[in-house]
Chemist: 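Sharing a structure below in structure tokens format, with a few things to ask.
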Number of protein chains: 2
Amino acid sequence: MQKITIEIEKAATIFKLFGDKTRLTMMKILDKHDCCVCELVEIFKTSQPAISQHLRKLRDLGLVKEERRGQWIFYSINKRNEYYPFIQQILEQLPSQDDKLKELEEQGTRISCC
Amino acid sequence: MQKITIEIEKAATIFKLFGDKTRLTMMKILDKHDCCVCELVEIFKTSQPAISQHLRKLRDLGLVKEERRGQWIFYSINKRNEYYPFIQQILEQLPSQDDKLKELEEQGTRISCC
DNA sequence: TCACTATATAATTATTTACTTATATATTGC
DNA sequence: GCAATATATAAGTAAATAATTATATAGTGA
């Protein structure tokens with residue numbers, strides 16, 4: 001296995017963000033699928049500002065990146081982040097959250113919105 | 001690599017604890033060396049109650065265990081914890097904190113106290 | 001038993017965090 | 001340009017967190 005090291009302080013900063021279930025689930029989802037904000041609002045059944053604020057924290061650390069596509073802003077994992085290998089190793093150990101996206105597709109929410 | 005999975009919710013709970021630099025460093029130290037509370041107080045240059053409270057949180061999740069040896073109570077990583085493999089993979093990626101213990105030895109604090 | 005040391009716990013306080021409500025900005029399609 | 005939609009941001013609030021101070025408990029050695 002490759003040896004990755006990250007300063008303790010930086011790791012703690014990342015874990016602080018990962019200590020919230022919503023953000024951690026978001027990271028797991030975004031690691032496999034780009035999502036727009038309104039999809040995440042649907043998935044987490046919470047308010048749009050709450051989602052935006054979570055995304056901002058993740059973005060401030062460079063863990064995710066945004067990309068505007070017309071009316072929508074899509075978020076995805078920033079795989080160029082210096083710490084992505086560290087993060088990836090963690091996310092790999094979490095169970096897939098694909099079912100959450102599948103629900104959206106079944107509802108038709110995914111297509112209609114984004 | 002072996003495949004370990006942990007529920008997202010449980011992982012977030014662990015990360016919440018790891019989101020504090022003191023606790024994360026503690027975990028890294030305890031993964032290799034048992035320590036008594038007074039050593040940790042020395043290492044982190046903080047109050048004894050603060051250290052005790054951090055240890056309690058880690059213990060409440062079963063991440064560390066305590067063992068009385070005479071006057072002192074030694075803490076160590078609970079390697080029997082269901083999630084230890086997950087935790088171990090994380091701790092492996094953090095830089096060694098052995099220098100902190102070495103400092104104590106040089107000061108003589110380690111021996112005199114414990 | 002008593003003084004001393006190590007540790008835990010309780011209560012208080014200050015800080016941080018996450019959410020809500022309200023509002024601003026940007027894009028689309030008419 | 002205007003209405004509608006998507007998103008961000010600001011301000012306020014409630015809840016959670018971490019530290020401090022004070023006190024309790026437990027072991028040691030005289």
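The analysis underlying the following values was restricted to heavy atoms, covering all of them including side chains, and did not include hydrogens, waters or symmetry mates. Here is how names work: the chains are called A, B, and so on, in the same order as the sequence lines, proteins then strands, and each is numbered from 1. Bear in mind the structure is a predicted one, so any value in this text is a computation, not a measurement.
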Chemist: Checking side-chain polar atoms at under 3.5 Å, does A/Ser52 have a donor or acceptor matched by the opposite partner on A/Gln48?
Modeler: yes
Chemist: Compare the minimum distances between each of C/dA8, C/dC19, C/dA22 and the side chain of A/Pro49, then state the nucleotide with the smallest one.
Modeler: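 Between C/dA8, C/dC19, C/dA22, the one nearest the side chain of A/Pro49 would be C/dA22.
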Chemist: Please report the interatomic distance CZ(B/Phe15) to CG(B/Asp20), rounded to the nearest 0.5 Å.
Modeler: 15.0 Å
Chemist: Heavy atoms only, 4.0 Å cut-off, all strands: where does A/Lys21 land among base, sugar-phosphate and nothing?
Modeler: nothing
Chemist: Given D/dG27, C/dT7, C/dA18, which nucleotide is nearest the side-chain atoms of B/Gln71?
Modeler: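 So the side chain of B/Gln71 is nearest to D/dG27.
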Chemist: Assuming nearest nucleotide by heavy-atom distance, tell me which of A/Ser52 and B/Gly70 is located more 5' along DNA chain D.
Modeler: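 That would be A/Ser52.
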Chemist: Quick one: is D/dA18 close enough that its OP1 or OP2 comes under 4.0 Å of any side-chain N or O from B/Arg23?
Modeler: yes
Chemist: Please name all residues satisfying ring pair (Phe, Tyr, Trp, His ring centres under 6.0 Å) with B/Tyr75, sequence neighbours left out, ordered by chain then number.
Modeler: none
Chemist: From the list D/dT20, C/dT7, D/dA8, which nucleotide is the closest neighbour of the side chain of B/Thr46?
Modeler: D/dT20
Chemist: Where the side chain of B/His54 is defined as all heavy atoms beyond and including C-beta, which of C/dA6, D/dA19, C/dT9 is the nearest nucleotide?
Modeler: D/dA19
Chemist: Could you tell me if the side chain of B/Arg23 sits less than 4.5 Å from the side chain of B/Phe18, heavy atoms only?
Modeler: no
Chemist: Find the distance B/Glu67:CD to C/dT7:P and express it as a whole number of Å.
Modeler: 13 Å
Chemist: For B/Ser47 and for B/Arg68, find the nucleotide of DNA chain D with the closest heavy atom, then tell me which residue's nucleotide is more 5'.
Modeler: B/Ser47
Chemist: Can you identify which nucleotide, out of D/dA6, D/dA8, C/dT9, has its nearest atom closest to the B/Gln53 side chain?
Modeler: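 Given the options D/dA6, D/dA8, C/dT9, the side chain of B/Gln53 is closest to C/dT9.
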Chemist: Does A/Lys57 place a side-chain N or O at less than 4.0 Å from the phosphate oxygens OP1/OP2 of C/dT17?
Modeler: no
